Amino acid sequence: MKRQAYQPILITDASRSQDDQLTSRQRRYVVMMGIRVLCIIVGAILVGANAPLLWLWLPLCGLGMVLIPWLAVLLANDRPPKDEHRLANRFHPRQQDDTPPMSLTAEERPHKVIDAEP
């Protein structure tokens, strides 16, 4: 029976930690809410200045004020997809070796040589 070679487990294959995921979701939420605030401010300025094409810009700002909070909450509560569900893995699947990493057998382990004194 031929023994399979030792396959190391790469740390780059590990998923991101929960703290990193939470931080990135919080950052994304704050950025999206900042965009919403900008939509509100721009809408108020456009109404106050009686800007040209107000009929076009005001609904766009209103759409941003309504859709962005909804999307921000959805994205903030979402976790990253599992590896088997990622779209990138469907185009470039990773080569997965289902065999567990092997340890050295007793014969392959380095032996300590004890010198026998006569």
Side-chain angles (χ1 to χ4, degrees):
M1 180 167 104
K2 187 175 179 180
R3 188 180 156 288
Q4 293 182 357
Y6 175 74
Q7 297 290 328
I9 298 173
L10 301 175
I11 190 65
T12 56
D13 291 340
S15 61
R16 292 175 51 199
S17 71
Q18 295 289 334
D19 291 335
D20 289 343
Q21 291 177 16
L22 179 65
T23 303
S24 68
R25 290 190 317 226
Q26 287 173 341
R27 223 177 261 137
R28 187 182 324 140
Y29 182 81
V30 168
V31 167
M32 291 181 81
M33 284 301 165
I35 293 171
R36 178 186 185 219
V37 168
L38 283 175
C39 286
I40 293 171
I41 292 171
V42 168
I45 291 172
L46 288 174
V47 169
N50 201 8
L53 298 176
L54 186 62
W55 59 271
L56 176 67
W57 295 113
L58 206 54
L60 289 177
C61 289
L63 194 63
M65 288 185 285
V66 172
L67 286 181
I68 289 178
W70 177 69
L71 289 173
V73 169
L74 285 178
L75 293 175
N77 290 323
D78 193 22
R79 62 167 179 74
K82 294 182 179 178
D83 283 337
E84 63 264 13
H85 298 298
R86 293 189 66 193
L87 186 60
N89 289 342
R90 292 182 190 228
F91 296 118
H92 304 289
R94 287 186 182 173
Q95 296 175 354
Q96 291 183 353
D97 187 13
D98 293 335
T99 59
M102 304 290 288
S103 63
L104 297 175
T105 62
E107 294 82 26
E108 295 171 334
R109 289 190 187 127
H111 297 302
K112 190 174 188 179
V113 178
I114 301 173
D115 292 331
E117 294 184 31

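Only a predicted model underlies this, so the values are computations on that prediction, with no experimental measurement involved.
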Measure the CD1-CZ distance between Ile41 and Arg36 for me, rounded to the nearest 0.5 Å. 11.5 Å
Should Trp70 and Val66 be counted in the same cluster of Ile, Leu, Val, Met, Phe, Trp and Tyr side chains packed under 4.5 Å apart? no
With rounding to the nearest 0.5 angstrom, report the CE to CG distance, Met32 to Leu75. 5.0 Å
Identify the two heavy atoms, one from Pro69 and one from Gly64, that lie closest to each other, and give their separation to 0.1 Å. CD-O, 4.0 Å
Side chain to side chain contact (heavy atoms under 4.5 Å, CB included) partner of Cys61, chosen from Val47, Val42, Ile40: Val42
Interatomic distance, Leu71 atom CG to Tyr29 atom OH [nearest 0.5 angstrom]: 12.0 Å
CE-CG distance between Met65 and Leu60, expressed to the nearest 0.5 angstrom: 10.5 Å
Rounding to 0.5 Å, atoms CG (Leu22) and CZ (Arg27) come to a distance of 10.5 Å
ILVMFWY network linking Val31 to Val73, side-chain heavy atoms under 4.5 angstrom: no
Among the clusters formed by ILVMFWY side chains lying less than 4.5 Å apart, do Leu56 and Leu46 turn up in the same one? yes
